Amino acid sequence: MNIIAITAVVVVIGVIAFLAVVRPFSPSREEAAAATPVVAENSHRLDVAGGSAVTFTEFVDFECEVCGAAYPFIEQLREEYAGKVTFVTRYFPIPAHQNAMNAAIAVEAAAQQGQFEQMYHKMFQTQAEWGEQQESKADLFRQYADELGLDMDKYDRAVADPATEQRVRFDFNAGRKLGVEGTPTIFINDTKIELESTTSVREALDQALANQ
């Protein structure tokens, strides 16, 4: 190899090394998803099926009308598959929804007092009263917390604590890495399923149970 060729190789190697420093490796969506568990250790579980390997995970936005419409169906599934399937809920407040983050923070504040499911139900059961409105409904959510009998001093501190919002964003960021773009998004075990019909969801659950 002549001196010109050697010099060219050295230059190319140098450029590659420089780019590796100034532009670190960026994982693909598939790689990011593979490194992100669908269910985290701190994920909220509505039901836990002992010994079952099947987990139903829903990323929700409490202001999302489709999530609200799906809520009765999810409750029906919980009843039908009680003891067979673990049901997990993760936050995914869509930024375009004015009160989605406020609602998620309220639910997380309730969760810190062991009342996640109670506030989860409250949000969906009252969604028509506060959804799709532009003004903050944080005061209304506080009223819900009071109605549930929460310690309001602890609730207020939790709502004001940046760590509570960070916990919500933890789920949101995990969802983005997993390819969640809207709500509701459902995973059965590690597989995202298409919400074509209620029948298709049941079929996916039944198949997962059969494959245990």
Side-chain angles (χ1 to χ4, degrees), residues 27-94 100 103-125 127 166-212:
S28 66
R29 171 174 288 188
E30 290 77 12
E31 289 166 326
T36 303
V38 173
V39 179
E41 185 176 346
N42 63 353
S43 293
H44 294 298
R45 293 157 174 82
L46 292 170
D47 299 300
V48 177
S52 174
V54 177
T55 301
F56 179 103
T57 303
E58 181 186 17
F59 282 82
V60 303
D61 174 333
F62 292 105
E63 192 170 358
C64 167
E65 291 181 348
V66 181
C67 290
Y71 165 71
F73 172 61
I74 303 302
E75 289 302 294
Q76 187 175 358
L77 288 179
R78 290 179 62 194
E79 182 177 345
E80 290 177 13
Y81 291 89
K84 299 178 181 179
V85 175
T86 293
F87 285 83
V88 175
T89 300
R90 301 193 72 173
Y91 305 113
F92 198 82
I94 296 171
I105 288 173
V107 174
E108 180 58 26
Q112 293 177 25
Q113 295 189 45
Q115 300 287 318
F116 171 82
E117 183 172 355
Q118 289 81 349
M119 188 65 98
Y120 162 91
H121 289 311
K122 192 75 169 178
M123 288 299 176
F124 282 129
Q125 291 166 358
Q127 187 192 73
Q166 290 170 7
R167 170 64 186 82
V168 173
R169 292 193 181 281
F170 173 82
D171 275 2
F172 181 85
N173 292 335
R176 292 292 296 271
K177 292 176 182 177
L178 289 164
V180 176
E181 297 178 345
T183 55
T185 294
I186 292 172
F187 290 80
I188 294 180
N189 294 333
D190 293 334
T191 302
K192 184 166 64 172
I193 65 171
E194 297 299 327
L195 302 181
E196 298 173 348
S197 66
T198 57
T199 300
S200 67
V201 175
R202 286 189 175 91
E203 288 176 349
L205 277 172
D206 290 341
Q207 187 62 53
L209 286 167
N211 291 339
Q212 289 186 96

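All of these numbers come straight from a predicted model, not from anything done at the bench.
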Take atom CD of Q212 as the centre, draw a 6.0 Å sphere, and report whether it contains more than 12 heavy atoms from other residues, nucleotides or ligands. yes
If you define the side chain from C-beta out and look only at heavy atoms, does anything of R90 sit under 4.5 Å from F170? yes
Heavy-atom nearest pair, S43 first then R45, reads O-NH1, 2.7 Å
Any side-chain heavy atom of K192 sitting closer than 4.5 Å to one from L178? no
One should read off an interatomic distance between F172 CZ and K177 NZ, to the nearest 0.5 angstrom, of 12.0 Å
Identify the two heavy atoms, one from V201 and one from F56, that lie closest to each other, and give their separation to 0.1 Å. CG1-CE1, 3.9 Å
Going by atom types only, do H44 and E108 share a side-chain donor-acceptor pair under 3.5 Å? yes
Going through the checks in order, is the side chain to side chain contact (heavy atoms under 4.5 Å, CB included) test met by F92 and E58? CA-CA 9 Å; F92 198 82; E58 181 186 17; over 6 Å; no
Quick one: does V60's side chain get under 4.5 Å of T183's, heavy atoms only? no
If we only count heavy atoms from C-beta on, is the F62 to V107 side-chain gap below 4.5 Å? yes
Any donor-acceptor pair under 3.5 Å linking the side chain of D61 with the backbone of I94? yes
Output for pair (D171 CG, T89 OG1), nearest 0.5 Å, gives 9.5 Å
Distance (rounded to the nearest 0.5 Å) between S197 OG and F73 CZ: 8.0 Å
Under the side chain to side chain contact (heavy atoms under 4.5 Å, CB included) criterion, do E80 and L77 qualify, and how do the steps go? CA-CA 5 Å; E80 290 177 13; L77 288 179; 4.2 Å; yes
P184 and V66: which non-hydrogen atoms are nearest, and at how many Å? CD-CG1, 3.4 Å
Do I74 and I186 come within less than 4.5 Å of each other through their side chains, counting heavy atoms only? yes
Do you know which two heavy atoms are closest between A104 and V168, and how far apart they sit? CB-CG1, 3.7 Å
Side chain to side chain contact (heavy atoms under 4.5 Å, CB included) evaluation trace for R169 with Y91: CA-CA 8 Å; R169 292 193 181 281; Y91 305 113; over 6 Å; no
Quick check on N173: does its CG atom have over 12 non-hydrogen neighbours (other residues, nucleotides or ligands) under 6.0 Å away? yes
Hey, mind stepping through I188 and L205 against side chain to side chain contact (heavy atoms under 4.5 Å, CB included) and telling me if it holds? CA-CA 7 Å; I188 294 180; L205 277 172; 3.8 Å; yes
In short, N189 meets A53 closest at the heavy-atom pair OD1-O, 2.9 Å
Between the CD atom in E63 and the CZ atom in F124, the distance rounded to the nearest 0.5 Å is 11.0 Å
Measure the shortest side-chain to side-chain distance between Q207 and E203 over non-hydrogen atoms and say whether it is less than 4.5 angstrom. no
Nearest-0.5 Å distance, CD of residue E75 to CZ of residue F87: 9.0 Å
Any side-chain heavy atom of R202 within less than 4.5 Å of one from Y81? yes
Got a second to check how far T55's OG1 is from D47's CG, nearest 0.5 Å? 11.5 Å
Identify the two heavy atoms, one from R78 and one from L46, that lie closest to each other, and give their separation to 0.1 Å. NH2-O, 3.4 Å
Kindly say whether A109 contributes a backbone atom to a donor-acceptor pair with the side chain of Q112 at under 3.5 angstrom? no
